[in-house]
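By convention here, the first residue in the shown sequence is residue 1. These values consider heavy atoms only, across backbone and side chains, with no hydrogens, waters or symmetry-generated copies. Counting starts at 1 for both ligands and their atoms, following the listed order.
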Amino acid sequence: LTLTSGQRISSRMRKNQNHQDTRRGPKSFFDLRAIEQWGEENGLKEHHLKTIYKVVMTSYSCDRPSRHEESQVLQDKLRALSFPQACIPNLLSEFGYTCTIRNIQQSQGGAKFGIQLANGKFVESVLIRHERNNGDVRYTVCVSSQVGCAKKCSFCATGTMGLIGQLSSAEILEQIHLLQQYVKHKNLPGKIRNVVFMGMGEPLDNYDAVHESIRGITHQCLFGLKAKKVTVSTVGSSAQKIKALADEAPQVCLALSLHSAIQSSREKLIPSAVSISLEELGDALDYHAKKSGRGSMLEYLLINGVNDSNDEVDSLAEFCLKREGNVYVNLIPYNPTLAGDNFGYQTPSDERISDFHDKLKAAGVKALVRWSTQNGRDANGACGQLVLTSIT
Ligand SMILES: C[S@@+](CC[C@H](N)C(=O)[O-])C[C@H]1O[C@@H](n2cnc3c(N)ncnc32)[C@H](O)[C@@H]1O
Ligand code: SF4
């Protein structure tokens, strides 16, 4: 696993990001529909597909060999598992791994990865380490769903890039696979237990790919996580898509990035909020809560002097208490982004954050502050400033 200096990678990453799609290559092993179709065309049975997934999941090393060596390793493993020999050359010429780790920034609390897609563009994924009181270690993987983001929220580094591209379901799954391999090859203790869509991009703006990737995350032959271990974080600009997710994947957790329960203030932070009223948003949340049988989870970024006033806390409490079922609020202190002047925003003082938290609790709302710890940032914070920090 090579740790290249951030700076050198950074300029290369930026150069590549601007290139148009130039690379051609095999389809991804994680393109489940393509693999399934290929299997059907070649008269393969379900257990053959299981063999492919088994080999794919255990073969890829972070010290990526050449494509030729890679094919050799896969071929040997497939043979050993009695995969129909005649199909092997065709499988390996049509499919492969398409994403590559190019940059790793480690911290005690995990690591942030710059990942290059087959088209040369970059996304970032974050591995977040949690240690329980009994010493057990587990990881959350924060994945990107888009290259950049069209929503341009006023506090978000990813938003300044605009939308550069959509990820395929396979590219989302390859991020998880790469981080899983990293844990394995570094001999780190613990396993990946959660996946959060809190990286670059707005997942509901790439709904089909995100939905299909959830099939892979929960697939027994792939990552095998329970749907309730997956969280889709959304800025909530489409009530219809929140409801669709509730219908199609009710067990998946939804986290709504609210950031203000005053419409005018929310629109200043999230320009796309003009297209949806708080009432519609609340209604979509209630629909989701009903379908999932669980409560609603809200993300609330705290920015000094912007959305941390008494009026804001009162409006937030009112919004939460109107909801059907329980509401859990994650208060996220604004994370400076290194982008210019931090968009003119500052993190409130710890006292001010605690004060907001106390008022919310006193109003009867369940809330937690996601403090940045010395061991690294919480999933929300770490994922909130992706790409620009490592590209610039
Ligand atoms: C990057 S977004 C991706 C998911 C989705 N687009 C959304 O907005 O929920 C994930 C979370 O990071 C938060 N975030 C963005 N910029 C941040 C910053 N500078 N400090 C802390 N959190 C931030 C967002 O508000 C959101 O809750
Ligand atoms: S906070 Fe989410 S929706 Fe807003 S710009 Fe960033 S990634 Fe996009």
Side-chain angles (χ1 to χ4, degrees), residues 112 123-126 128 140-167 172 175 195-207 209-210 230-238 241-242 245 252-260 266-276 281 284-285 296-304 306-308 328-348 353 368-373 376-389:
K112 186 156 80 163
V123 290
E124 288 196 349
S125 320
V126 186
I128 302 137
T140 294
V141 170
C142 170
V143 290
S144 294
S145 54
Q146 298 183 308
V147 186
C149 181
K151 298 300 186 197
K152 298 189 187 266
C153 299
S154 66
F155 46 82
C156 176
T158 305
T160 62
M161 300 170 69
L163 181 64
I164 294 175
Q166 299 281 26
L167 295 199
I172 295 170
Q175 292 173 61
V195 173
V196 295
F197 284 84
M198 291 188 182
M200 293 171 68
E202 167 49 41
L204 297 190
D205 278 1
N206 190 11
Y207 186 92
V210 167
V230 179
T231 300
V232 172
S233 175
T234 177
V235 77
S237 36
S238 161
K241 285 187 184 154
I242 293 177
L245 192 72
V252 166
C253 299
L254 180 83
L256 173 72
S257 296
L258 188 71
H259 308 328
S260 176
R266 187 162 195 267
E267 285 175 16
K268 278 189 201 134
L269 293 167
I270 304 169
S272 64
V274 291
S275 63
I276 185 163
L281 205 49
L285 271 183
S296 305
M297 198 202 293
L298 303 179
E299 310 283 303
Y300 194 101
L301 198 62
L302 278 168
I303 307 177
N304 193 43
V306 173
N307 62 352
D308 59 351
Y328 308 90
V329 181
N330 283 317
L331 296 173
I332 312 163
Y334 168 70
N335 198 344
T337 63
L338 308 183
D341 64 351
N342 279 322
F343 310 115
Y345 291 147
Q346 284 167 351
T347 315
I353 294 169
L368 262 182
V369 181
R370 298 292 183 178
W371 298 104
S372 293
T373 65
R377 295 219 160 87
D378 179 84
N380 305 299
C383 301
Q385 48 171 332
L386 292 182
V387 149
L388 278 186
T389 50

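Across all their heavy atoms, Asp205 and Gln166 have their closest contact at O-NE2, 3.0 Å. Of all heavy-atom pairs between Val210 and Ser145, the closest is CG2-CB, 3.9 Å. Between Lys152 and Gly159 the shortest heavy-atom distance is CG-O, 3.5 Å.
Listed by number with element, the atoms of ligand 1 under 4.0 angstrom from any heavy atom of Gly199 are 1 (C), 3 (C). Distances below 4.0 Å separate heavy atoms of Lys152 from the following atoms of ligand 2: 5 (S). Remark: ligand 1 atoms within the under-4.0 Å shell around heavy atoms of Thr234 are 7 (C), 9 (O). Close approach to Phe197 involves these atoms of ligand 1, each under 4.0 Å from a residue heavy atom: 4 (C). Distances below 4.0 Å separate heavy atoms of Gly159 from the following atoms of ligand 2: 5 (S). Residue-ligand proximity, Gly201 to ligand 1, at heavy-atom distances under 4.0 Å covers atoms 3 (C), 4 (C), 5 (C), 6 (N).
Contact annotation: for Ser257 versus ligand 1, heavy atoms closer than 4.0 Å belong to the side chain alone. Contacts between Cys156 and ligand 2 below 4.0 angstrom, taking non-hydrogen atoms only, involve the side chain exclusively. Contacts between His259 and ligand 1 below 4.0 angstrom, taking non-hydrogen atoms only, involve the side chain exclusively.
Nearest to atom 2 (Fe) of ligand 2 by heavy-atom distance, out of Gly236, Gly201, Ser233, Ser154, is Gly201. For atom 22 (N) of ligand 1, the nearest non-hydrogen atom from the set Leu301, Leu256, Asn335, Leu269 belongs to Leu301.
Of the N or O atoms in Pro333, none lie within a sub-3.5 Å distance of an N or O in ligand 1. Not a single N or O atom of Glu299, backbone or side chain, sits closer than 3.5 Å to an N or O atom of ligand 1. Of the polar atoms of Tyr334, none of the N or O atoms is found under 3.5 Å from an N or O of ligand 1, judged by distance alone. The shortest N/O to N/O separation between Phe155 and ligand 1 falls below 3.5 Å.
Using a non-hydrogen distance threshold of 4.0 Å, Tyr345 does not register as a contact of ligand 1.
Atom CG of Leu204 is separated from atom CG of Leu254 by 7.0 Å, given to the nearest 0.5 angstrom. Atom CG of Leu301 is separated from atom CZ of Arg370 by 14.0 Å, given to the nearest 0.5 angstrom. Separating the CG atom in Asn335 from the CZ atom in Phe155 is a distance of 11.5 Å, to the nearest 0.5 Å. Atom CZ of Arg266 and atom OG of Ser260 lie 8.0 Å apart (nearest 0.5 Å). Here Leu368 contributes atom CG and Met297 contributes atom CE; the two are 10.0 Å apart, rounded to the nearest 0.5 Å.
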- Message: Using the rule given for side chain to side chain contact (heavy atoms under 4.5 Å, CB included), can you reason through Val143 versus Leu167, listing the C-alpha separation, both sets of side-chain angles and the distance that settles it, and then say yes or no?
- Response: CA-CA 11 Å; Val143 290; Leu167 295 199; over 6 Å; no
**OP:** Take Gln175 and Val141 through the test side chain to side chain contact (heavy atoms under 4.5 Å, CB included) and record every step on the way to the result.
**Re:** CA-CA 9 Å; Gln175 292 173 61; Val141 170; 5.7 Å; no
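In summary, Cys149 places an N/O/S atom under 2.8 Å from atom 8 (Fe) of ligand 2, meeting the contact criterion.
A donor atom on one side chain and an acceptor atom on the other are found under 3.5 Å apart for Thr234 and Glu202.
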